[in-house]
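Let me begin by presenting the structure, written as C-alpha cells, before commenting on it.
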There are 2 protein chains.
Amino acid sequence: MTGRDSIPAPAVQRLSLYLRQLEALQFSGVGTVSSKQLGRSLGLSDAQVRKDLGYFGQFGHPGVGYRVDGLIQRVRGILGTDKVSNVVLVGAGNPGRALASFRGFSKKGFEVVGIFDSDSSLAGQPLAGLPTCVIQPMREMAVVVRTKSVRLGILAVPAPSAQTAAAEMVAAGLRGILNFAPISLQTDPSIAVSTVDLAVHLEQLSFQMTGSAG
Amino acid sequence: MTGRDSIPAPAVQRLSLYLRQLEALQFSGVGTVSSKQLGRSLGLSDAQVRKDLGYFGQFGHPGVGYRVDGLIQRVRGILGTDKVSNVVLVGAGNPGRALASFRGFSKKGFEVVGIFDSDSSLAGQPLAGLPTCVIQPMREMAVVVRTKSVRLGILAVPAPSAQTAAAEMVAAGLRGILNFAPISLQTDPSIAVSTVDLAVHLEQLSFQMTGSAG
DNA sequence: TTTTGTGAATTGCTTCACAGCA
DNA sequence: TGCTGTGAAGCAATTCACAAAA
C-alpha cells in the first residue's frame, strides 16, 4: 500500500478537527467551505488544510472550495467512523460512570455495549446513563467482545489497577484502548493506545502561562 | 531570554510524561534512573530523553543517571507546579461534577476553589467531591478569581454554551482554559487553551485500527 | 565501563509559490 | 478572478555518534 504510513501523524490528528468543524458548519447550514475559512477557524493556514486533505485524496473543487456534506462523508470513511462501532467500558467507579452517561459517543458513531468492573459486588447494578446496560464482572468481557465484535475499550480504573486491566482487555480481544489512567501502559505494539491525562494538560497550561507573564 | 520559545513543543509535552514516570519510580523507592530506562518505559529513545531534558538544563550525572527526587523537583519547577495553583470549574452538569470529584488534581498541585454555572437555580447546591465548595452563579466568578489569584479555569459546559462561557472566563481574569467542550474556542492568543475532546481520541484510535488489520 | 550532554547528520513537517481548473 | 493540488524550499525535530565525566 502506498499512502497509509507515510501520512504524518499530525495530519491525522487535524483530520478529526476538520471533521468537528465541518459538522458544526453543516449544522449551521453552510454548504461549501474553502481551505482558508476552515483553517482560520482552527488557527491553521490554508496551505496546511489543503496539504492535510491531500494526503487522503482530492476532495475539493477549484474556485469553489469543499462541499461540506461530501467532505464529512469522506473524512468519516477515512477515520472509520462512517459505521457504528461498539465499545466497552472498563471501570464502574466515578469516572467510568461519568463516561457512561456521556452523550457525545453515539453522536460520533461509538456505542457503549458493556461496562465491566473487577469489583464483582457491583455486578448487576444498573447505570444512570445507559439503562440497557448493567455492570458485569470482568470475566464476562471476552464473550461480549466476541459476540458484539467490539474492538475498542475505554479504560477508567485507578492507576494501580490499570496495567492489569489493560492486559485483561487485550486478552479479551480488544485492539485499541482509550486510557484515562495516568500511567504509561505497556502493551504489544499491535494494540492502539491513546492516553488522556488531565494532569498532563494542566501542567502544559501551567508551563505556557509561566512563560509569558506573571 | 535565551531558551523558552526555542524549546520544541513536543519536548514540553514529554516533560510531563517524564514527571509522571519519575513520580511512579519515586513511589516504588527507586533513587536513580538512566535516560535509557526512562525512555524505555515511555516508548522513547534514550537520546530523546537526554535531548529533551537538555533544553532545560543539566540534571544528570555521567555514569550514574538522574537522581529521581532531585529531577522531580526540577521538572516541577520548570512546569510551574512546585507551588499549589488555584483553579475554578465552569459548568456543574454531569461532566463538571465528575471533574470536581476527581482526586488527581490536588496530587499534582491544583486545587479547585470554586465551581460556577450559568443556571442560577443550581446555586447553593453542595458537591459530593468538594464539601467545602458550593455551586455559585457565573457573576461571582470574577471576585473569586481576583481574591484567590486564580489563573486557570476548567471549562465543562455543553458545546453550544462553551464559546460564551470561555469569554466570561477571560473577562473574569483567567489566563488559561482547559476545555472539555468539543469546539475550537476563539480566544486572544495571550490566553492558553488546551482542548480535550474524547471523540477526537476515539477517532484517532479508529483510524489506527483501520490501518493495520480488519 | 557506564552514562551524560551536545554538535552534526538526518528525517519529517510545514510553508511557499505557482500551474491548472472553474 | 478564486481556489485547489502539489512539487520545491525552508524549517523544525529526532537520531546519531562521540568527547567528557564518574
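Order of the sequence lines sets the chain letters (A, B, ...), proteins ahead of strands, with each chain counted from 1.
Residue B:Leu71 contributes atom CG, which lies 16 Å from atom P of C:dT3 at whole-angstrom precision. The separation between B:Asp52 atom CG and C:dT6 atom P is 13 Å, rounded to whole Å. Nucleotide C:dT14 holds its C1' atom 16 Å from the CD1 atom of A:Ile7, rounded to whole Å. A straight line from CG of B:Leu44 to P of D:dT14 spans 9 Å, rounded to a whole angstrom.
For B:Phe56, there are no ring pair (Phe, Tyr, Trp, His ring centres under 6.0 Å) partners at least two apart in sequence or on another chain.
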task: Check step by step if side chain to side chain contact (heavy atoms under 4.5 Å, CB included) holds for A:Leu53 and A:Leu71.
output: CA-CA 10 Å; A:Leu53 295 175; A:Leu71 187 53; 4.2 Å; yes

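Under 4.0 angstrom from either OP1 or OP2 of D:dT14 there lies at least one side-chain N or O belonging to B:Arg14.
A salt bridge does not link A:Glu203 with B:Arg20: every distance from a Lys NZ or Arg NE/NH1/NH2 to an Asp or Glu carboxylate oxygen is 4.0 Å or more.
B:Arg67 and B:Thr32 share no side-chain donor-acceptor pair at under 3.5 Å.
No cation-pi contact links B:Arg97 to B:Phe102, judged by a cut-off of 6.0 Å to the six-membered ring centre and 45° from its axis.
Annotation for B:Arg14: atom CZ counts as buried by contact number, over 12 foreign heavy atoms lying within 6.0 Å.
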task: Take nucleotides 1-9 of chain D nucleotide by nucleotide from the 5' end and write B, S or -, depending on whether a protein heavy atom sits under 4.0 Å from the base, only from the sugar-phosphate, or from neither.
output: -BBBBBBB-

